[in-house]
Every structure is written in C-alpha cells, then in structure tokens.
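These numbers come from the heavy atoms of this one structure, side chains and all, not from hydrogens, waters or symmetry mates. By convention in this document, chain letters (A, B, ...) are assigned in the order of the sequence lines, proteins followed by strands, and residues within each chain are numbered from 1.
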Protein chains: 4
Amino acid sequence: MTEFNNERPIYVQMADRLCDEILAGRYKPDDRVPSVREYSAMLGVNMNTSFKAFEQLSREGIIYNRRGLGYFVTQEACRLISEKKKKELMNRLPQMFRQMRLLGIGISDIVQLWNETE
Amino acid sequence: MTEFNNERPIYVQMADRLCDEILAGRYKPDDRVPSVREYSAMLGVNMNTSFKAFEQLSREGIIYNRRGLGYFVTQEACRLISEKKKKELMNRLPQMFRQMRLLGIGISDIVQLWNETE
Amino acid sequence: MTEFNNERPIYVQMADRLCDEILAGRYKPDDRVPSVREYSAMLGVNMNTSFKAFEQLSREGIIYNRRGLGYFVTQEACRLISEKKKKELMNRLPQMFRQMRLLGIGISDIVQLWNETE
Amino acid sequence: MTEFNNERPIYVQMADRLCDEILAGRYKPDDRVPSVREYSAMLGVNMNTSFKAFEQLSREGIIYNRRGLGYFVTQEACRLISEKKKKELMNRLPQMFRQMRLLGIGISDIVQLWNETE
DNA sequence: GTGGTCTAGACCACC
DNA sequence: GTGGTCTAGACCACA
C-alpha cells in the first residue's frame, strides 16, 4: 500500500508513475514491465486496478502486450510520454499565468520558486 | 448549458467561476449574488448543484446568507479568494517544475511563455 | 440472458448491438441510451460488463456521458459507426475473395448468395 | 518471430498457415511436415504453441502422427481443408451481406471489389 | 506462469 | 437516481 492521493483514480496515478519510470530510463524499449500480478502486489492494489493502468497505456501506444508473456515498452514510449506531458503542461500553464497576474504574482516570484525547487 | 469540463465536479467549477467574478469586481462586498434559482437557470444545471456551490463558498467565508434574501459577498471575500488560490498555486507549482525538468523544459521556456501569455 | 456467442467478449458484442440500433435509428443524436443498470438488467449481464461496452463507445466518440444523467448519442455517431464498420469490412473482403478463388468459388456464387440473403 | 495478429490465437493462425501451404501443394499427402521443434524455431514461438496447432489439425484428420517420426499429411487433407474453409466462408457471408445493406453497400460494389482484388 | 473476461458487491461523487 | 472506482475472486485462453 503506497502513497496515493484521492484526487485522481489510482489507476491513473499508477499509469503516471510507470510513465515516469520509463522516462527516467528504468524501463527501456522492448523491456518487459512488471506483470499485472507483480505490480499489484508491489503497490498493494487489486489486479484489475493494475490491469486498467496497463490497458490505458497500451491504448496510448506506450506499452504493448505479447500474449502470455507480459507487457513491453514500445520504441516510441518516451516520445509519446513526453508529448503527452508537455501537451498537458502547456495547456495548464497559460491559465495559471493569467490567474497569477490577477493575484499579483510576478515572473520574478516564479523564477525564485523554480530555483528553490528540488 | 455552459461549458464545463468533466475533470472536476460541476459545483466546484461553478464556485470557481463565481470567485473569479468576485475577484474581477463583478460583485463587490455586500452585493447580492444571483439566487440559487437564477444561477441554475443561467447555467442550465440542477438547483442542488448551484446550492452546493454556494454552500461551499459560504463555509469558506466568501459569501454569507441572509435568510429569505439570498447570498451576499463578504468583506473578506477578495482576500480569502486570493489566499486560497495562491495556496493552491504554490502547492501545484513545485511538482510541475520537477516534471518540467524531466521533460527538458527550462526556466527560460517558462519566462518566454509568461511573456507571451495574454 | 440473451444470445451471445463465445467467440468475442460479451462487452464487444453489446457495443456492436448498440451501434446497430443507433444505425437503425432506434436512438438518435442526443437521445439518451439505456443506463448501465437498465442495459445490464435487459441483457442479463453484470453492470461492469455493460459499463465496459459504454466506456469503449465513449472513447470512440459514439456516445458521450453527462454526469449523473446517463449516456447520450453524439451527433457524429452514425458517421463514426459507418466508417468503422466499412473499414472493417473492406479489410476483410479482399482476403476472403482470394481464399474463395483458391476454393473455386466464383463471383456468380456470391451474387446468388447475396440475392438469397434476407 | 513472424507476423501474427492478436485477434486470433497464435496456434490457430499457425494451423491456418499450414493448411494454406498444404492447399498450395507445398506439402503433399504422406509428406512429412516440419517437426514441432523445427516449426517452433522457424516461427519463433513456444513449442507448446506449435504442438497445439498440430494437435488440432490432427483431430480434424488433416495430418496424422507416426510415433517417433513426426506428422504427415493425410490423403484427405486437401478435401477436408477445402470443406472446412468453404463452410466457414458460407457461414460468415450472409451476416456480412446484411451489414453491408445497412451500410448502403450494394452488390455492384462487391462485384467491383472482386474484380479489383489480386 | 502470463493476460483477459466476467461476476458480485461495495463505496463514492454527482445530479 | 446516474456513472465511476475499487475490491475479491472465479474461470479461461495462451505461452
């Protein structure tokens, strides 16, 4: 049972986490990712929940299935993940910026926070 | 029927929108905001949904209720809204920044986007 | 419990059937289709199975969801269904034709079968 | 690792392919077909998968087993394969025709596609 | 052993 | 009332 927040479905958070691991190089193209069973046991969730995460990534072309063998990372995984995440970010940022302006937050505050982060 | 996205509850989006209008000066302290009934009709949603939005803002001290008259903007509304939004933003930014680093997005890209926004 | 064959998953067959009904004009754009619960009861399957069928059609843009109200037929449903089915057919036919030639079946046999069908 | 699609079991596709080769005259009655081992290596699949394909064809009387020697094509192989395929085709066509009618595809379109094929 | 489908039943958010 | 998520457990096809 690892840390999941309740704002988004667990399977989405699991998919996200796997994406992060792929992006970080933990799993490379044609590497096998943990099986649904292993993944479930690892994170303390139901098999169907893991399966749903895998199914989604599969639909997005990030992993693929070889029957009876498991799920594997596609060649395009990194590219697809990056694109997806960038798109999400680029959609969210402009409206956040507008809100910040209304709240009196300036670019200098952002730069400072950036430098403090991590 | 106005445009709501399906990611967040409708009542949350309605509350948010009302906050934005208050922040923009559309409703000032002690101004009466539209009634639950008007608000529902305006946005084409169920009255219970509007009510839930008002109730939430009421709990947060942003509007108050005068029985039989409707909901009114509090004196502290703007301040409370600003604080709430700032807090939310400041919570979300650090994790976004970390993600951006992984994606190869730098502070310069952000500054540029900031300058382009609006 | 209605007639389902075991070759394809039940949820696929359910999705297919709903598509046929939409195509036949039984449900028109912005019509509400039966709820997951009704559909399950009607066909004698589990709610999750119905849900999976709806979810898939939803992803394909054939129906859409209005929260708490149910699923509704999109404006493009008919077009999307037709395209999907035509694509499937046009992929399958050529290889069937080649096989038929090998088996000594001619176009005249096909025409005859066509005229006898239905 | 040859190209198999994920819609049908691999062993079925393998059996199908072998049938096609027999029909094409690649293997004649009483010819020995490749061993399970060779076949597996050739196509890059598990030996059990090859075995399942052979076993199925054996049950259908298309090949027969001589202990310690391998599998051999029966005298009736071609006839059985043809019959099987014709039966399958003739079962599938009527429902395809009904679908086509719904999609506005006419017999003339089919004839045209027939003439264009191969 | 793997994934895939299905069931039954729970709980929640939302309308 | 609606859909959405999650759990628990069964059975099957496939390698």
Exercise for the section: Salt-bridge test for C:Glu88 and C:Lys84: reply yes if a basic N is under 4.0 Å from a carboxylate O, no otherwise. Expected result: no
Fill in the blank from the handout: Which of F:dC6, F:dG3, E:dC15 is nearest the side chain of B:Asn46? It is E:dC15
Problem - Side chain of C:Arg32 (C-beta onward), nearest among E:dG4, E:dT2, F:dT2 - result: F:dT2
Fill in the blank from the handout: Testing F:dA15, E:dG3, E:dT5 for proximity to the side chain of C:Pro9, the answer is E:dT5
Practice task
Consider the side chain of A:Tyr71, meaning its heavy atoms from C-beta on, and name the nucleotide among E:dA8, F:dT7, E:dG4 that approaches it most closely.
Solution key: E:dG4
Fill in the blank from the handout: Ranking E:dC6, E:dT5, E:dT2 by distance to the side chain of C:Thr49, first place goes to E:dC6
Exercise for the section: For D:Arg98, enumerate each residue passing the side chain to side chain contact (heavy atoms under 4.5 Å, CB included) test, keeping only those at least two apart in sequence or located in another chain. Expected result: C:Thr117, C:Glu118, D:Pro94, D:Gln95
Practice task
For E:dT5, take OP1 and OP2 only and decide whether either is under 4.0 Å from a side-chain N or O of C:Tyr11.
Solution key: yes
Handout entry: Check: F:dG9 base within 3.5 Å donor-acceptor of A:Asn48 side chain
Key = yes
Problem - For the student: nearest non-hydrogen atoms of C:Arg8 and C:Gln13, plus distance - result: O-NE2, 2.7 Å
Exercise for the section: Confirm from the modelled atom types if A:Arg67 and E:dG4 form a donor-acceptor pair under 3.5 Å, side chain to base only. Expected result: no
Practice task
Would you please classify the geometry between the D:Phe54 ring and the D:Tyr71 ring as parallel, tilted or perpendicular, with 30° and 60° separating the classes?
Solution key: perpendicular
Exercise for the section: Establish, yes or no, whether the cationic atom of B:Arg66 lies under 6.0 Å from the six-membered ring centre of B:Phe72 and within 45° of the ring axis. Expected result: yes
Practice task
Would you write the dot-bracket representation of DNA chain F, where each base gets (, ), [, ], | or . depending on whether it forms a Watson-Crick or G-U pair under 3.5 Å and with which partner?
Solution key: ||||||||||||||.
Problem - Over all atoms of both residues, closest heavy-atom pair of A:Ser58 and A:Tyr64 - result: OG-CA, 4.5 Å
